[in-house]
Protein chains: 2
Amino acid sequence: MAKTAGQREHTVADVAREAGVSKAQAARALGEYGAVSDAVRSRVVAAAERLGYRPNQLARSMNTGRSLSVGVVVGDIENPYFALATRGISDAVEEHGFTVVLSNTSERLAAERTAVEMLMDKRVDGLIVAPSTTEAGHLDSVLQAGRPLVLLDRGVPGLPVDLAGSDVSAAAVEAAEELIALGHRRIGYITTSRNDDNRASPQEPLSSPVASRVAALAQAFELNGLRWDESLLRDGLRGEASIASAVDDLVRDKATALIASDSLIGQVVIAALQQKGLRIPDDVSVLMYDDQPWARLLNPPITVIAQPTYDIGYTAGSRLAALIQRRSGLPPLSPFPGRLIRRASFGPVRSAHTGAPDAVEPLEPPMQLATDAGNSTCTRD
Amino acid sequence: MAKTAGQREHTVADVAREAGVSKAQAARALGEYGAVSDAVRSRVVAAAERLGYRPNQLARSMNTGRSLSVGVVVGDIENPYFALATRGISDAVEEHGFTVVLSNTSERLAAERTAVEMLMDKRVDGLIVAPSTTEAGHLDSVLQAGRPLVLLDRGVPGLPVDLAGSDVSAAAVEAAEELIALGHRRIGYITTSRNDDNRASPQEPLSSPVASRVAALAQAFELNGLRWDESLLRDGLRGEASIASAVDDLVRDKATALIASDSLIGQVVIAALQQKGLRIPDDVSVLMYDDQPWARLLNPPITVIAQPTYDIGYTAGSRLAALIQRRSGLPPLSPFPGRLIRRASFGPVRSAHTGAPDAVEPLEPPMQLATDAGNSTCTRD
DNA sequence: CTGAAAGCGCTAACAA
DNA sequence: TTGTTAGCGCTTTCAG
């Protein structure tokens with residue numbers, strides 16, 4: 001009964017023999033290309049069925065030059081942002097018959113380089129990468145090799161490729177202005193990324209999320225005739241301990257509001273605050289990037305800047321598929337606007353009458369079960 | 001300056017010519033196999049460098065029969081459990097030089113079958129799958145083909161393969177007994193999976209997580225001379241709406257405690273409870289599987305059964321690598337024990353004097369920043 | 001140690 | 001429509 005495992009796999013040649021046709025005809029029937037008579041096709045298909053034949057994609061890829069797979073290089077699949085984006089990518093590319101080869105870089109450039117190289121060697125048909133820095137050498141050579149590339153979440157100055165991401169600047173300015181109106185003057189920004197704002201020219205849009213978000217923060221201060229204290233930026237943080245101690249530092253340094261650059265950081269920030277017995281928003285106001293479902297479960301629910309993460313991933317995937325299929329005349333990808341979702345983690349600065357809290361826009365309606373899917377309504381004018 | 005993109009990639013033949021040696025020697029030097037003199041090796045390496053040569057892994061895989069990639073088939077990479085497990089898998093297999101090809105099934109059997117087939121066709125060297133059902137046909141043929149297979153999270157009755165997962169039964173019984181001691185008699189269990197307990201023989205361990213967890217629940221009742229009302233099981237739930245309405249149902253049906261089978265469900269359950277204005281634990285006690293960092297951020301923090309998810313993934317990856325390398329005499333994988341983390345979402349049943357709440361074990365110590373990494377200390381005896 | 005030649009399993013020309 | 005013959009880029013005999 002138990003078939004001897006590991007028996008040599010059948011090849012087109014076997015099927016051809018079994019069906020009594022030439023290898024080429026069998027291959028054509030199996031691969032669904034070329035011209036094959038119905039009679040032959042059915043004989044071949046039947047023979048293949050009988051033998052349990054399965055085509056060898058490797059061999060197929062070798063002569064077609066198409067591996068039907070795309071590489072996805074992210075900082076960390078464990079990060080909900082990347083997990084969700086990857087799901088979007090996966091759904092999109094699978095619709096076009098591609099599979100996803102995944103690589104984690106832990107946000108390290110060296111790992112990213114290695115990953116890109118491996119994927120290129122594996123001859124993936126295209127690449128989606130969330131660059132961990134603005135270093136572009138390895139990405140440049142992807143382009144040189146003529147392999148389609150789409151950037152995810154973060155752009156790279158001077159690299160002329162599609163970027164699927166969001167533009168949170170309007171929402172960021174909006175949020176910062178509300179904090180300022182509430183009397184906050186010392187706002188801390190906490191992030192894992194390094195702020196390496198080395199765009200080629202000043203005109204070029206800020207591509208690094210850190211840079212653009214920090215810029216938005218600064219801009220909000222300027223709009224109010226104030227100046228943001230850059231010493232309140234904590235970047236390049238790795239590990240919970242360093243994030244927690246950054247929170248400590250900032251609070252000791254009189255920060256009255258904290259901005260977490262993603263939900264992983266947000267978690268730690270909130271935990272650190274709770275641990276220190278500081279209350280949100282009474283003692284410290286909090287803004288978090290990425291709207292994770294749990295943000296509205298907390299007490300108080302956390303005000304966030306949401307990005308349509310799944311859609312961003314899906315867009316990246318679709319665009320990559322289009323590029324691989326050499327479709328031309330594709331319009332540039334426009335960033336999804338980020339959206340400020342007001343909940344209850346903003347409050348006036350204590351013992352500060354710096355400005356009577358203006359009537360801000362109303363909070364998010366009571367509670368919805370559906371996740372805030374899809375189209376953002378950014379209230380920019 | 002701008003190199004004409006898309007120029008034909010260099011092959012070993014090119015490198016050989018450039019180095020003035022035979023193709024075979026060049027290949028040996030580049031592929032690091034066979035015997036090559038230092039002189040030749042360095043000439044070849046230099047030539048390769050000069051030409052920017054990159055080996056074609058597809059071609060390499062074709063004749064070695066090893067693709068250096070493993071397939072990972074999960075229900076949904078968006079689920080934090082799978083995201084983290086995948087990270088573990090990825091880290092483990094990369095140490096052995098493998099890359100991960102990822103597939104999402106949305107917990108649908110058809111998608112799972114297709115995914116497994118594609119991966120087999122792509123000649124992955126091994127497979128890790130989190131089976132969405134106990135259907136084993138497609139997995140069986142993986143084995144038949146002699147390709148190593150490791151199961152993740154869920155077992156399949158009658159399929160003799162390694163399973164990397166955890167055994168939560170002790171913790172589950174423990175939790176249920178505490179609920180019972182608090183007076184709870186109607187405990188609802190909410191899950192996405194289907195409860196298809198079709199193990200071959202009664203002796204066989206329960207492999208489906210649903211079945212084993214439900215069994216643990218029932219066992220706890222029996223230990224107390226009671227019987228769990230099976231009508232309080234809500235399985236096969238898809239989508240937030242159906243989960244929320246299951247919560248509605250259960251509460252209306254006098255459930256005083258709710259168990260969420262994973263954190264995705266937990267989120268929705270808690271949101272639904274909040275929406276209905278029901279308080280945890282005053283009105284409803286809550287237990288959640290999987291310890292997500294946010295669980296301890298809530299008010300009250302949620303009592304959970306934690307699994308070392310990363311380790312589970314890492315174990316799966318390591319074992320798969322070992323199997324691919326035909327290492328033998330490997331001990332069977334033992335499940336990681338689940339661990340009950342007491343927080344504050346359990347409370348006595350209101351207006352019920354069914355049993356004076358025993359002195360239960362103390363709550364988790366104040367608050368730790370480090371995630372509960374690694375080794376579980378299950379208090380089973 | 002080195003080189004020539006023969007494949008891996010399939011697709012792609014080219015005739016017939 | 002079919003079959004024959006070459007390859008894809010690499011590894012692997014097998015002589016030398």
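Numbered from 1 within each chain, the chains take letters A, B, ... in sequence-line order.
Looking only at atom types and distance, the side chain of B/Arg54 has no donor-acceptor partner in the side chain of B/Thr11 under 3.5 Å away. In this structure, a donor-acceptor pair under 3.5 Å is present between the side chains of B/Glu112 and B/His138. Side-chain contact of B/Tyr314 with B/Asp91: a donor-acceptor pair under 3.5 Å is absent, judged by distance alone. At a cut-off of 3.5 Å, with distance as the only test, no side-chain donor of A/Ser67 or A/Arg60 sits close to an acceptor on the other residue. Inspection of the B/Tyr81 and B/Asp153 side chains reveals an N or O donor paired with an N or O acceptor under 3.5 Å.
The side chain of B/Gln25 places no N or O atom within less than 4.0 Å of a non-bridging phosphate oxygen (OP1 or OP2) of C/dG3. For the OP1/OP2 pair of C/dT2 and a distance below 4.0 Å, the side-chain nitrogens and oxygens of B/Ser37 include at least one atom meeting the criterion.
The two residues B/Val15 and B/Val44 make their nearest non-hydrogen contact at CG1-O, 3.7 Å.
Rounded to an integer number of Å, the gap from CZ of A/Arg43 to C1' of D/dT2 is 12 Å. One atom, CG of B/Asp14, and another, C1' of D/dC10, lie 13 Å apart when rounded to the nearest Å.
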Using nucleotides 8-12 of chain C, report all nitrogen or oxygen pairs with the protein that are shorter than 3.5 Å.
unit_1 : atom_1 : unit_2  : atom_2 : d
C/dC8  : O2     : B/Asn63 : OD1    : 3.2
C/dG9  : N2     : A/Asn63 : OD1    : 3.4
C/dC10 : OP1    : A/Tyr53 : OH     : 2.4
C/dC10 : OP1    : A/Asn56 : N      : 3.2
C/dC10 : OP2    : A/Val12 : N      : 2.5
C/dC10 : O2     : A/Asn63 : OD1    : 2.4
C/dC10 : N4     : A/Lys23 : NZ     : 2.6
C/dT11 : OP1    : A/Arg60 : NE     : 2.6
C/dT11 : OP2    : A/Tyr33 : OH     : 3.3
C/dT11 : O4'    : A/Asn63 : OD1    : 3.1

